[in-house]
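Reckoned from all heavy atoms, side chains included, excluding hydrogens, waters and symmetry mates. Below, chains carry the letters A, B, ... as their sequence lines are ordered, and counting in each starts from 1.
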2 protein chains.
Amino acid sequence: MQDVARRAGVSPMTVSNCFRYPDRVQDKTRKAVLRVAADLGYVPNMSAGLLAAGSSRVIGAVLPSMRNSSFFNYSAGLRRAAAARGHEVITMIAESPEEEFSAVQTLLGLRVAGLALVAGPHAPDLRRLLDRSGIPVAESWGAEEAIGCGVGYDVGAASRALTRHLIAQGRRRIGFVDISGGGGLRYSMRLPAFRQEMFAAHLSDALVLTVHAADGFGSGARILNEFLTREPRLDAILCPSDVVAAGAIFECTRRGLSVPGEIAVAGWGDYDIGRQLSPSLTTIAPFSDEIGLATVAALLEGTGPGLIRTRFALELRESA
Amino acid sequence: MQDVARRAGVSPMTVSNCFRYPDRVQDKTRKAVLRVAADLGYVPNMSAGLLAAGSSRVIGAVLPSMRNSSFFNYSAGLRRAAAARGHEVITMIAESPEEEFSAVQTLLGLRVAGLALVAGPHAPDLRRLLDRSGIPVAESWGAEEAIGCGVGYDVGAASRALTRHLIAQGRRRIGFVDISGGGGLRYSMRLPAFRQEMFAAHLSDALVLTVHAADGFGSGARILNEFLTREPRLDAILCPSDVVAAGAIFECTRRGLSVPGEIAVAGWGDYDIGRQLSPSLTTIAPFSDEIGLATVAALLEGTGPGLIRTRFALELRESA
DNA sequence: TGCTACGATTGTAGCGCTACAAATCACATG
DNA sequence: CATGTGATTTGTAGCGCTACAATCGTAGCA
């Protein structure tokens, strides 16, 4: 910074102002300083700035994975909302609660302006760490009991709507795929809602298959086969994601089962593949970008702990 | 840090050492300090540490998108290699050269220990900015002329291998999908290699369709239709990615064209979907995790500018 | 006991920047 | 020409931490 100041014939403070508060500096001066800075390849040391000012314009996000596209829209929403407020988003991928804890420590070490978590199983000490950090936190796809501010749609209501739709279609032997362990709350609220609707319709809710994790098309095929072994007259399945549903449909094609004629297949998440598949997938559209938007708003507008509900939609297409 | 030191009855310097050089402090002392730190929720301020020490243990990566899974393995490789060296990876998504430039500035401002870029079109000033920054840079999927150290497989060789395979199968009217703009070098080296092999086999290389961008299944369908309009006797197409190839196969199914009987369809990238599809996709497997691994090695072992070649494989499956 | 050697611990100075207040400047007015 | 006003610029101090050198403690040995 000294260098830039010297070459531009101004004080270091003016250089600093050029970057942080452009309005405070005369147009002519600023342009000159910025040109010298560009010439020298000077980029302000954010660490020093943060240390001196006590605040940064970077938001940290921890994502559980990028294996599938479900977080793409969320991440885009985060970036869009952050950019609109002059902030940046840095992302860390963490595929286990331990990795998540370590990622949070790193981000806390960076003293980010806010931290966006994704609901799921967390390390036991995570909440305490974040409570004491004093940094705004939001838990996306979170519900009650979220760390910081929970932002997400009503998963239970979505699950009920989808189940009701299948029942209304006349489906009676409906298989439900439950995910244990993997995504925590993001999944765990679906099953009780499913049971509730089945019970209300006097149907059996016994066709529940609990799998440890299901991503990828392969698990869709395995799941379908497992269900058919247990109940050959199965007439619908509720999959945990569109990718799994796609895998199930592929397997139906292979077995010569017509969808939705013989079996209705419902997905979850409104992934790209669901629209292109033939038959196209009935699914829950979560408006993930809205979650990203609302998360940043909660972080930066300082709403504090609470619960922000975003929308969802039951997307009726061909498969169910 | 003062707080922790006071409560643990040691000097601030000892607290600092506990985190940075655990070996320098006695076991007993370290445990005591770490317990107090955990109690207080203390996380060292990395900015201050970086400022004082002049080096951080964070690697910055800029990814062009997370819309599809192609970067998943790469990112996992980065993280694995970084973790093995006691480093962390933070990621920024940038969907245009301008966003990439801004992301690089942010990461440079953070004074990361190394910067992993992905080959593609860059902002004109990017190279100069990075040259002057003095921070190690690697360009993954890069080739000659890469910014910093290029790390990637031989895209031309892969394209030649795939083309030769189709020709050897007796395919004669082969369509090639070229991407303009989107991924830069990641795509642009494929077409010349394709032409070369077609020429060597005395076949027409006229069936080239240039599209601006192609991701998503939808574009696969569009592309197939466009080709069939231009050449109804088309007997093979080379798609820029497995997702596009999957879209093309869906469209073939819809039209009642048998794959690979009437048309061979080849993908690129060895995505998950290609394995599950029926027929399964012949594709180029890029060993993306190796690219990630080698990138971190180049960054941290200070190889400097150069070119690191990783492997690739021609994955022969049912579709071609 | 006195002295050395070596590991553990502790001050000191300063990393690059910004908040804040103070100083300077340009210019219009009495 | 003095004075006031508001825009622009500039010192000063200090953010939290670590490199480095200095100091302390203690065990080993003559």
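- Between R24(B) and dA8(C), a side-chain N or O to OP1/OP2 separation shorter than 4.0 Å is absent.
- A ring-centre distance under 6.0 Å is not found for F287(A) and Y74(A).
- Looking at D27(A) and K31(A), a side-chain N of the basic residue comes within less than 4.0 Å of a carboxylate O on the acidic one, giving a salt bridge.
- Within the 4.0 angstrom heavy-atom criterion, no nucleotide atom of any strand lies near P12(A).
- Of the candidates dT18(D), dG16(D), dT10(D), dG16(D) carries the atom nearest the A48(B) side chain, counting heavy atoms from C-beta on.
- Put simply, CG on N17(B) is 17 Å from P on dA22(D), counting in whole angstrom units.
- Rounded to whole Å, the distance from CD on Q26(B) to C1' on dT10(C) is 15 Å.
- Residues W141(A) and Y187(A) place their aromatic rings such that the two centres sit no closer than 6.0 Å.
- Each end of the helix from dT1(C)-dA30(D) to dG30(C)-dC1(D) gets its own axis, taken as the rotation carrying the C1' atoms of four end pairs onto the next four within a five-pair window, and the two axes meet at 50° to the nearest 10 degrees.
- Partner of L78(A) under the side-chain contact (heavy atoms from CB on, under 4.5 Å) criterion, chosen from L299(A), T295(A), L293(A), I291(A): T295(A).
- Contact annotation: R20(B) reaches the phosphate of dA19(D) (side-chain N/O to OP1 or OP2, under 4.0 Å).
- Contact check for S288(B) versus F71(B): no side-chain heavy atoms found under the 4.5 Å cut-off.
- Between L51(B) and Y21(B), the residue whose closest nucleotide on DNA chain D is further toward the 5' end is L51(B).
- When heavy atoms are screened at a 4.0 angstrom cut-off, G49(B) is found touching the sugar-phosphate backbone but no base atom.
- Atom CE in M1(A) sits 11.5 Å away from atom CZ in R6(A) (nearest 0.5 Å).
- Between T29(A) and the phosphate of dT9(D), there is a side-chain N or O to OP1/OP2 separation shorter than 4.0 Å.
- Within the 4.0 angstrom heavy-atom criterion, no nucleotide atom of any strand lies near S47(A).
- With dG11(D), dG11(C), dG16(C) as the choices, the nucleotide that has an atom nearest any side-chain atom of S11(A) turns out to be dG11(D).
- Within the nucleic acid shown, F19(B) has no heavy atom closer than 4.0 Å to any nucleic acid atom.
- At dT10(D), one or more side-chain N or O atoms of T14(A) fall inside 4.0 Å of OP1 or OP2 (strictly under the cut-off).
- Using a 4.0 Å cut-off between charged nitrogen and carboxylate oxygen, R57(A) and E88(A) do not count as a salt-bridge pair.
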